[in-house]
Amino acid sequence: MEIKKVGILGAGTMGAGIAQISAEAGYQVILVDVVADVAANAFKKMQKNWAKAVEKGKKSAEDIEQYNALIAVGTDLDVFAECDMIIEAIIENIDIKKSVFAQLDQVCKPEAILATNTSALSITEIAAATKRPSQVVGMHFFNPVPVMRLVEVIPGTETTEATVQATVDLCKTIKKDPIVAKESPGFIVNRILVPYINEAAIAYQEGVASAEDIDRAMKLGAGMPMGPLALCDLVGIDVVLMICEYYWKEFGDPKYRPSLAFKQKVRAGHLGMKTGKGFFDYSK
Ligand code: 3HC
């Protein structure tokens with residue numbers, strides 16, 4: 001099936017990024033968020049990114065005009081009826097995702113592929129909420145979406161080879177490098193990256209060094225592009241906490257026990273860049 005129209009559900013950081021790169025690749029895009037302000041803000045963020053690209057001479061005003069003509073923003077799932085592929089990028093909660101996939105199954109045309117950008121949850125479990133598990137697949141993007149090249153493609157137990165191939169092809173068209181991974185909590189990257197971030201937060205909690213010095217050490221001593229605590233702020237402390245808790249439950253291994261620092265910051269409402277404060281202060 002040729003994919004022409006892409007629907008994206010959830011206009012947070014990841015959904016907005018996916019919408020942006022899909023329009024840049026020439027797809028018609030419908031970006032939906034149940035909260036109108038979130039969808040509107042995502043649209044503004046895209047404009048900001050494109051304005052920067054024009055300033056740097058990387059894109060032209062005509063390019064931006066073309067992208068804008070391809071994007072529609074809404075709050076209602078019904079608009080996905082015409083889409084060939086829907087990529088869900090909503091909150092990481094299995095019950096909410098299952099309920100949303102059951103709704104998408106009702107609304108979308110029978111041949112449409114339903115993809116989830118889940119960072120760790122079971123594709124098989126999400127797919128089982130639909131009557132088309134063979135057309136449900138994981139499509140895991142990385143933050144910041146316009147910059148990070150990888151997309152992990154994860155088949156559930158019922159996903160067909162045709163669905164995987166169509167997803168891999170879409171990744172290539174939107175200029176990403178797909179890697180197919182077996183279904184397992186956290187797939188490849190988050191399986192390795194999240195325990196690393198957690199260990200950094202535990203070291204911070206134990207007072208091994210300040211947040212600044214932990215991050216500087218990993219940049220200077222291990223060549224990381226950014227420190228683990230700044231990365232945690234970028235991803236969202238709430239998201240990292242949820243993933244640690246999920247690993248602990250799924251693997252039954254206490255090595256995934258989350259740092260208390262995550263819990264304290266989440267309880268205080270300091271979720272990282274998105275709230276202006278996390279391990280570091282972004283309010284200035
Ligand atoms: N949106 C769009 N573009 C962005 C951006 C953003 N949020 N942040 C940076 N960029 C662009 C800049 O505009 C710049 O573009 P240019 O080359 O065209 O000028 C380019 O990226 C480089 O940015 P900077 O010069 O400002 O900064 P750096 O060189 O330090 O790069 C970084 C910033 C790309 C974020 C880099 O530090 C990095 O790669 N960090 C690691 C990120 C990472 O590990 N991401 C994965 C997180 S895990 C995940 O997402 C999975 C989830 O499930 C939890």
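In listed order, ligands and their atoms are each counted from 1.
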Is the charged tip of Lys265 near the ring of Phe279: under 6.0 Å from the six-membered ring centre and within 45° of its axis? yes
Those atoms of ligand 1 less than 4.0 Å from some heavy atom in Pro146: 2 (C)
Just to be sure I read this right, does ligand 1 sit under 4.0 Å from the backbone of Val235, its side chain, both, or neither, counting only heavy atoms? side chain
Run the numbers for me: atoms of ligand 1, each under 4.0 Å from some heavy atom of Lys56, listed by number. 13 (O), 14 (C), 15 (O), 16 (P), 18 (O), 19 (O)
Residues, nucleotides or ligands: over 12 heavy atoms within 6.0 Å of Lys4 NZ: no
Do Glu62 and Gln66 have side-chain N/O donor and acceptor atoms under 3.5 Å apart? no
Does at least one non-hydrogen atom of Met224 fall below 4.0 angstrom from an atom of ligand 1? no
How far is atom 10 (N) of ligand 1 from its nearest protein heavy atom, and which residue and atom name does that atom have? Val147 CG2, 3.4 Å
With a 4.5 Å limit on heavy-atom distance, are the side chains of Glu212 and Phe280 in contact? yes
What atoms in ligand 1 come closer than 4.0 Å to a heavy atom of Lys58? 16 (P), 17 (O), 18 (O), 19 (O)
Near His140 (heavy-atom distance under 4.0 Å), the atoms of ligand 1 are 51 (C), 52 (C), 53 (O)
Partner of Glu82 under side chain to side chain donor-acceptor pair (under 3.5 Å), picked from Lys109, Gln28, Lys5, is Lys5
Any idea which atoms of ligand 1 are less than 4.0 Å away from a heavy-atom of Met226? 37 (O), 40 (N), 41 (C), 42 (C)
Under a 4.5 Å cut-off applied to non-hydrogen side-chain atoms, are Thr75 and Val35 in contact? no
of all protein heavy atoms, closest to atom 51 (C) of ligand 1 is Phe142 CD2, 3.5 Å
Ligand-side contact atoms (ligand 1) for residue partner Ser119, heavy atom cut-off under 4.0 Å: 53 (O)
Heavy-atom contacts with Leu193 under 4.0 Å: which atoms of ligand 1 show up? List them by number with element. 48 (S)
Would you kindly specify which portion of Asn190 sits under 4.0 Å from ligand 1, judged on non-hydrogen atoms: side chain, backbone, both or neither? side chain
Which residue and atom name correspond to the protein heavy atom nearest atom 1 (N) of ligand 1, and how close is it? Pro144 CB, 3.8 Å
Can you tell me which portion of Leu231 lies within the under-4.0 Å heavy-atom range of ligand 1? Options are side chain, backbone, both, or neither. side chain
In terms of residue, atom name and distance, what is the protein heavy atom nearest to atom 30 (O) of ligand 1? Pro225 O, 4.7 Å
Are any non-hydrogen side-chain atoms of Tyr246 and Ser122 less than 4.5 angstrom apart? yes
Neighbour count >12 (heavy atoms, 6.0 Å) for atom NZ, Lys277: no
In terms of residue, atom name and distance, what is the protein heavy atom nearest to atom 45 (N) of ligand 1? Asn143 O, 2.8 Å
Do Asn190 and His140 touch side chain to side chain, with heavy atoms closer than 4.5 Å? yes
